[in-house]
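Here the structure is laid out as structure tokens; the discussion comes afterwards.
In what follows, every heavy atom counts, from backbone to side chain, and hydrogens, waters and symmetry copies are set aside.
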Amino acid sequence: MELTYEPRIVGFLCNWCSYAGADLAGTSRTNYPANIRIIRVPCSGRVDPLFIVKAFQLGADGVLVAGCHPGDCHYSDGNYHTRRRVGLLRPFLDYLGLDKARLRLEWVSASEGKRFSEVVSSFTDTLIKMGPRSS
């Protein structure tokens with residue numbers, strides 16, 4: 001029996017767009033890997049970089065932060081804050097011994113269920129190629 005590596009992904013999804021996109025993917029029966037654990041947040045702008053670091057600390061192989069497309073944020077500019085915070089966090093991941101590719105930022109609207117499934121599938125494939133994180 002061959003064991004296959006299934007990466008553990010934590011997804012921080014904005015309530016208004018990305019979570020609704022994930023819901024659309026589910027109701028449309030669009031297939032995507034079941035290895036993502038979704039945390040619904042009011043806005044991607046509410047995702048503190050420490051939440052991302054904590055997810056890695058607790059064993060996540062990858063973290064996906066998904067929000068509304070720039071310019072479409074329900075709270076005006078939350079996704080701009082997210083883009084800035086993730087950009088500042090990336091160089092710090094090297095310091096923590098984590099590959100930057102293990103953190104992914106994506107924009108997914110409520111009508112993009114297919115895109116959500118493609119993002120999760122693509123991220124899973126990337127993590128499988130990278131292999132498990134070393135503790």
Side-chain angles (χ1 to χ4, degrees):
M1 181 167 86
E2 182 181 320
L3 297 176
T4 57
Y5 165 62
E6 279 293 324
R8 292 174 292 197
I9 300 173
V10 173
F12 294 99
L13 276 56
C14 110
N15 177 58
W16 302 101
C17 287
S18 300
Y19 186 84
D23 187 48
L24 179 61
T27 57
S28 301
R29 299 189 188 275
T30 306
N31 289 329
Y32 62 88
N35 57 336
I36 184 168
R37 300 298 176 258
I38 294 174
I39 299 172
R40 185 179 186 178
V41 293
C43 175
S44 62
R46 296 288 305 197
V47 178
D48 189 302
L50 291 176
F51 297 166
I52 297 168
V53 171
K54 188 69 171 180
F56 282 122
Q57 183 183 24
L58 293 174
D61 294 304
V63 175
L64 169 67
V65 179
C68 304
H69 289 276
D72 288 337
C73 180
H74 187 78
Y75 298 103
S76 300
D77 56 1
N79 47 16
Y80 293 114
H81 294 293
T82 303
R83 186 168 54 189
R84 190 174 317 118
R85 287 180 185 145
V86 169
L88 291 170
L89 178 61
R90 280 190 197 283
F92 187 66
L93 293 179
D94 282 336
Y95 178 74
L96 296 175
L98 293 165
D99 191 315
K100 293 175 191 172
R102 292 190 181 275
L103 172 59
R104 192 150 173 192
L105 174 63
E106 293 286 344
W107 311 121
V108 178
S109 77
S111 64
E112 294 180 317
K114 186 173 180 352
R115 175 163 161 62
F116 177 79
S117 69
E118 290 167 356
V119 165
V120 174
S121 297
S122 167
F123 193 30
T124 299
D125 291 344
T126 299
L127 292 171
I128 288 172
K129 288 175 188 161
M130 294 174 73
R133 278 187 37 224
S134 57
S135 297

- Query: In Å and rounded to the nearest 0.5 Å, what is the CZ to CG distance from Phe56 to Leu98?
  - Reply: 5.5 Å
- Query: Is Tyr32 reaching over with its side chain to a backbone N or O of Gly26, donor-acceptor style, under 3.5 angstrom?
  - Reply: no
- Message: If you compare all heavy atoms of Met130 against all heavy atoms of Ala101, which two are closest, and at what distance to 0.1 Å?
- Response: SD-CB, 4.0 Å
- Query: Hey, any chance Phe51 and Leu58 share a hydrophobic cluster, counting ILVMFWY side chains that come within less than 4.5 Å of each other, even indirectly?
  - Reply: no
- Item | Validation row: Arg40, Leu13 side chains within 4.5 angstrom (heavy atoms) | no
- When rounded to the nearest 0.5 angstrom, what distance separates CD1 in Ile128 from CD in Glu6? 5.5 Å
- Message: Quick check: closest heavy atoms across Tyr75 and Cys43, and the distance to 0.1 Å?
- Response: CD1-CB, 3.5 Å
- Leu96 reachable from Val63 in the ILVMFWY side-chain graph, under 4.5 Å edges: yes
- Query: Are the side chain of Arg133 and the backbone of Arg102 linked by a donor-acceptor contact shorter than 3.5 Å?
  - Reply: no
- Residue Asp94 excluded, over 12 heavy atoms near CG under 6.0 Å: yes
- Message: Quick one: does any side-chain atom of Ser18 pair with a main-chain N or O of Val108 as donor and acceptor, under 3.5 Å?
- Response: yes
- Worked check of side chain to side chain donor-acceptor pair (under 3.5 Å) between Ser117 and Thr30: CA-CA 7 Å; Ser117 69; Thr30 306; 5.1 Å; no
- Spell out, yes or no, whether Val86 and Phe123 are grouped together once hydrophobic residues are joined by side-chain heavy atoms under 4.5 Å, including indirect joins. no
- Message: How close do Ala25 and Gly113 get, counting heavy atoms only, and between which atoms?
- Response: CB-O, 3.4 Å
- Can you label the angle between the Trp16 ring and the His74 ring as parallel, tilted or perpendicular, going by 30° and 60°? parallel
- Does Leu103 offer a backbone N or O that forms a donor-acceptor pair with the side chain of Arg90 under 3.5 Å? yes
- Determine, step by step, whether Val53 and Leu89 satisfy the side-chain contact (heavy atoms from CB on, under 4.5 Å) criterion, reporting the C-alpha distance in whole Å, the side-chain angles of both residues, the deciding distance to 0.1 Å, and the verdict. CA-CA 9 Å; Val53 171; Leu89 178 61; 4.0 Å; yes
- Query: In Å and rounded to the nearest 0.5 Å, what is the CD1 to NZ distance from Ile52 to Lys54?
  - Reply: 14.5 Å
- Message: Rounded at 0.5 Å granularity, tell me how far CD1 in Ile9 sits from CG in Leu127.
- Response: 5.0 Å
- Message: Using only atom types and a distance under 3.5 Å, with no angle test, would you say the side chain of Asn79 pairs donor to acceptor with the backbone of Cys68?
- Response: yes
- Query: Hey, any chance Ile39 and Phe116 share a hydrophobic cluster, counting ILVMFWY side chains that come within less than 4.5 Å of each other, even indirectly?
  - Reply: no
- Message: So which atom in Pro70 and which in Arg83 form the shortest heavy-atom distance, rounded to 0.1 Å?
- Response: CG-NH1, 4.0 Å
- Under 3.5 Å, is there a donor-acceptor pair between the side chain of Thr27 and the main chain of Leu24? yes
- Query: Between Trp107 and Ser44, which heavy-atom pair has the shortest distance, and what is it?
  - Reply: CZ3-OG, 4.4 Å
- Note on the structure: The side chain to side chain donor-acceptor pair (under 3.5 Å) partners of Arg115 (sequence neighbours excluded) come to Glu106
- Would Leu105 end up clustered with Leu93 when hydrophobic side chains under 4.5 Å apart are linked, directly or stepwise? yes
- Task: Answer yes or no: are there more than 12 heavy-atom neighbours, outside Arg46 itself, under 6.0 Å from its atom CZ?
- Result: no
- Rounding to 0.5 Å, atoms CG (Leu64) and OG1 (Thr124) come to a distance of 9.5 Å
- Query: Do other residues, nucleotides or ligands put more than 12 heavy atoms under 6.0 Å from Phe12 CZ?
  - Reply: yes
- On a heavy-atom basis, the closest approach of Ala20 and Ala110 is CB-CB, 3.6 Å
- Query: Going through the checks in order, is the side chain to side chain donor-acceptor pair (under 3.5 Å) test met by Arg104 and Thr126?
  - Reply: CA-CA 11 Å; Arg104 192 150 173 192; Thr126 299; 4.6 Å; no
